[in-house]
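Report on the following structure.
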Amino acid sequence: MASDPKADSLQAVLDQIPRRYQEEIFAKAQKTALDTGAGKTLIALLLIKWTVAQEASREKIIVFLVPKVTLVKQQADYINKHTPDSVKIKQLSGAMSLRLTDRKGWRKCFESSHLFVMTPKILHNLITHSLWNINQISLMIFDECHHTRKQDPYNQIMREYFHVPQSERPKIFGMTASAIWDVKNPQVSLTLLESNLDSKVIAVLKYYPFPPESPASPNPTIYQCLQVIDTSVWDDLDIPFNNIDIRYQVTLGNIGFYGASMFLYLEIQHFIESKLAEYKRLQLFRPHDAESMEVDVGPSSIPVKPLPDEIFLIKEILQGFEGYFPPSMTSPIVPIPLTMDMCTPKVNVLMDILLENYTPTFQAIIFVEQRQVASALSRIIQVLPELQGKIRSAFLVGTGVNSEGMARQTNQAHGDPVKLFKSKEINILIATSVAEEGLDFDGCDLVIRFDPLHHMIAYVQSRGRARNFNSTFVVMCQEDDRELEAKYRALQEKEPEVTHMYQTRHIGIESDDEDGDDDGDGVIDLADRERFVVKSTGAKLTYDNSISLLNYLCSLIPRDAFTPVHKPRYTGDFQSTLELPRALPLELKDLVYTGPFKRSKKEARRAVAFMAVKRLHDLNVFDDYLLPVANDSSDEDVNEFMVGHGLSAKLRKVPPIMQADVKDPWCMDEKLWLHPVAIDDEVLAGLVTGTDLPQEKTVVGSGTVRVLPGKRLLFDQESEHEQRKTMNNFTKLGIIFSITRSPFTAPLSLYLVPITPARLPDFAAMQLLLAKPGGSSDWSKISEEYHDNLLVTPQYRFGSIRVLRRIRHDLSPLSQPLPETLEAKAGCSTYHEYWVKKWSRKTRSIDLRNDGPLLETVTLPHHDMGAYSLNPPADDTPPVHEVKEHCRMLPQNSTLWLAFSLQMRRAYEVLPALCQRITTVYRANCARHELKLPFVPTNLLIEVFTIPSTQLGFNNQRLETLGDAVLQVCTTVQLLNAFPSRHEGQLTYMRQKVVSNRFLMQRALDVGLEQYVNSELASVHKWRYVLSGGEKKGDDEDDKDDGLQEKQEEEEERTKRTVTREFPRRSLQDCMEAILAASFLTGGVEHALLMGTALGLEFGGPLPWNMRYRIDTPPSPISPLFETLEGNLGYKFKHGYLLLEALTHPSFAVPSEGPSYQRLEFLGDAILDLVVIKYLYDKLPNATSHQLTFPRTRAIGAQTLANLAVRRLGLHKMLLINSVELTRAIDRYVPVLERTSDVPQVPAFFFPHEAEVREPNGGNHPSARLRPTRRTKQTEKENGEKIRRNSKPRVRSQTTSR
């Protein structure tokens, strides 16, 4: 029968109108706890709306707490549906919440929302770490508030609530179906709940009907077949068959043979398919040649177990039962017809109950205990002959991780069972305890407890699902189980008493509440509890959160696959002793704590944990927010870290493409300097600008260009303006003729002019050109002496500059073109015909004369590239470049000659490269002096500041690759020594922060490194050496009134020595790393420390390591266990305890109470990277940054290091481990590595041909010996060949993440 949409809509509205009893409860709901069926959520909604409307609630939030993650979305959706859009609602649970360290994100979240629906643990964490305070909450709603007892997060929140002044406390509203968990003493249960929630319990009188009193297989079976598999096989496959067997037996006794066998089949199938899929995935990384298989046995990798042959027997057994069971966990189909003899009598009774209560519109919930029973029963009841066509079922189980290793069977084939049940697409929901409380179902027609009940809360919760007037609640109980029946009767008899107490509890109860003993702890113990509040932040340490804080700290300690999880260890009873993991690099006295005597064991543990956290906070292991130091952070934490180290307090936001004012020598000042320019020792011109330029020499093309010392120009005051104008106009013409071929109007920032023998500007020569800037047509004075020394240009081809070879009087425009010339190849009969065709345009016709001689000319190319050689040949012999000449004939009567000498033309050809060189040298010198940098050769500094986009033929990317390794080493050594109490994970995090691109960019901005970046393109097709701000004024602008301020601004613009450039912001961090590499190449690590200090990096100062860090312990011999290692390495160890630490696995460090190799690995990782990249940098001088990266990755990858450890050093025989799994893995893979070819799998520079035993400096820290090394050419040649041989991408390389 179709429903009326209008009636449905009206009913939906009426459902949200509060009834009279709900209005009465709302009037009392400032502090209440409600039972099942009282319309709790609607009352909570009314209370939320009322609270939001109050003026006192401004700048405060409302918190709706739910005990389970599944309820967060449900309650948030309900509230969101029935509140205006202006009420912002935020859901917080698990992955939906922010990181605790993201303080800025939390603050923004709280400021942008009014209501938060969350789990209580999140709120407790927010209060503990001072992300939010209880006095900033106006209303707290506790869903299923009966959890507010013992150590539940609900109760921990309320304990913090009582520490807030009463006038600042939020209102409390609790909702529960049963406030009584102790059936024998309900009075105490209610009193304790009221005390914990600071509330009164009220309820509504409701009537609940009395529950009714009446409560062909294959041979052998799949279970029998699987019994032939040995137990060790299941262990090797990591399949918990014992747990599966137990669940199989439970399911067998509960619902029968077929359901249990189906569970067993699907569970084993799931595990086998997962193992095979994982094995296939790992096989992808295996080479085809098994003998050359590379194995990753790094500390962070999990070994690949070979699959036992029995796995295929198991798969064959499963295949034998295909067609008898559903094909997969997600399939709802049972492929065979079922009969009642395949099920237990209990299922028969269930079927009778369903048939007895069945109607076409009925809905039922069946509660079971275990997940596999829910899954199997959901499939079975749909295909029983008596129920077919009547039952549409699905199952609902928890989504948490199964601690017993069982596969989590889901209802993916059906969809969301809650939505399907609410929409009545299914009529039977089989559920575990997840549906007992909180989930919002309309009253069901039938609720069945298929499995036994164990406490009052479960009884009342499931009983509350049958809330309709005609609903039936059935408890299934075996006839002869008298004990279970008695328990049900007791619960049934207690229910009216509990309900009566709900309704009358608020009558006659005095308002004075007493603290309850919710945990078996005495009142004295609760009163004696300490509480520590960090003054600077407000973070709170209590007995309730101290244990969880320690557990969180231990969970962050790095470990590999073979090291057990780090946990705090408690011993003792009423006086507890706490031992923290030795993996925390603290002194022994800070790892062991003994607490005070307490009246319970649990309280003793909380007391000693409280003591430990407080001490660890003093040691800076916990920060002022009671979070483990350096594990995760936000931008705000980076800011605090920088401020704490004396760095910039401001994190500037920089766009991806940034603008910066960079240093530039080109300007026009009152004082001008003239610098003679010589090419191949011949002075050709003078370079004029407002800066006294440095003397420079560079190789451009086929010539060596030198800038000689400058001389200040002295002008006559009357003629200065005209002379400057003359130089400006002459230079523009020279740039147009030689470089750009197109005019421009911007004022120049430099001049290149002819000079006299006295090295002064030759204004007469300049005037000759300026008199006829377009060229002269008077050929009467041109004789043979001008041949090869005169520039000409066609009248109809502006910008085409040629050199006159000779005048051809034997040819005329009407002559036939010479053979093999371009004119002849064009098919023209005369030169005249060719020129007319070549130079004519649609809008322009040309008039060429037929008489006069021809000019034989050579085309001159334009030179707009500013590239130059950064490192010219050592013998000063410039390379010779042959230029192919292109001869062309031009008509003399249509050709103009220019008063521009060929010498000046040569000077202008090198001008772009010369300007580029002078600019980069000038910036390098400015950086050196203004930043007070230690000495670095000028060419290296130029390379440092040149970014790849310049296309100059060199850039800073090679240096950046090396500098990254230098930065890692210098930072690592400083952090390792400055923070002896930090473990590897914390040190790694801190290093990531101080070497991150963000941090480097901020440091670069702080010192002003952006002022020296070379970002200009090599090409100057558009001339860029002009005064910024300015195009030349037109006639209309000349008439404008130029005020004094405008003239001053123009003067400042004309004389300033900076220009605005754009470049990627990433260039700053590249320059920072490159400058470290340049200093390292100049003077080793000591020089890099000086450079890092000058740049404000976290290197601990400029003092060399061997003076800063010294080992005070006397030398100690090494153990005989490690003597072979000294011989293999060619190195004599002076401090044996360091070698012992380096070879101690974390699994061995726990029982031995000594340190493991993790901190030394943190240092060694950085040193190894630097040594390898330095070798490759020297060995492959022409390799790009990307070409250096691949062999480096191969050299320091896990496969290479494992090969070295086994085949060269034998470390597997010396390593101290206490892990059976790791020992087996080593025994399994060492033979594979030993059988590999004798050809080295790693670059040979790890082991020189002649090992040299080196004694460390007396008393110096071992890391202080790192220096750039030199090798013989013969060794480098051999090593280089091996690098090239082993760098072939035969197998994909992997690196170990540390």
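The basis for the numbers below is simple: all heavy atoms, side chains too, and nothing from hydrogens, waters or symmetry mates.
- The pair E1010-R1065 does not count as a salt bridge, with every side-chain nitrogen at least 4.0 angstrom from each carboxylate oxygen.
- Not a single donor-acceptor pair under 3.5 Å links the side chain of D1169 to the backbone N or O of D1165.
- When all heavy atoms are compared, the tightest approach of A1004 to M1072 is CB-CG, 3.8 Å.
- Residues T691 and R1057 bring a donor and an acceptor atom of their side chains to less than 3.5 Å of each other.
- Only one option out of T971, V1085, V969 pairs with F1099 in a side chain to side chain contact (heavy atoms under 4.5 Å, CB included); it is T971.
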Problem - Full working for side chain to side chain contact (heavy atoms under 4.5 Å, CB included) between V1020 and W1023 - result: CA-CA 5 Å; V1020 287; W1023 189 251; 4.0 Å; yes

Practice task
Kindly determine whether Y1025 and T919 satisfy side chain to side chain contact (heavy atoms under 4.5 Å, CB included), including the steps that lead there.
Solution key: CA-CA 10 Å; Y1025 299 102; T919 302; 3.9 Å; yes

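- Y1012 and F945 have tilted rings, their planes meeting at an angle from 30° to 60° on a 0 to 90° scale.
- Salt-bridge formation is detected for the pair E696/R917: a Lys NZ or Arg NE/NH1/NH2 atom is positioned less than 4.0 Å from an Asp or Glu carboxylate oxygen.
- Between N925 and T938 there is a side-chain heavy-atom pair separated by less than 4.5 Å.
- Side chains of S1015 and V662 form no contact here, defined as non-hydrogen atoms less than 4.5 Å apart.
- Checked by atom type and distance alone, the side chain of R1192 never pairs as donor or acceptor with a backbone atom of L1176 at under 3.5 Å.
- Using modelled atom types and a 3.5 Å distance limit, the side chains of R991 and T972 yield a donor-acceptor pair.
- For N1014, the side chain to side chain donor-acceptor pair (under 3.5 Å) test picks out R923, T946, with sequence neighbours left out.
- Nearest heavy atom pair, residue Q951 against residue A1018, reads O-CB, 3.6 Å.
- The pair R706-D681 meets the salt-bridge criterion, with a side-chain N (NZ, NE, NH1 or NH2) lying under 4.0 Å from an Asp/Glu carboxylate O.
- Of the possible polar contacts, none joining the R1066 side chain to the M1001 backbone as a donor-acceptor pair under 3.5 Å is found.
- The only member of D1178, L1081, L1076 that meets side chain to side chain contact (heavy atoms under 4.5 Å, CB included) when paired with L962 is L1081.
- Proximity of the aromatic rings of Y868 and F954 is defined here by a centroid distance below 6.0 angstrom, and this criterion is met.
- Salt-bridge check for R1061 with E1016: passed, with a basic side-chain N closer than 4.0 Å to an acidic carboxylate O.
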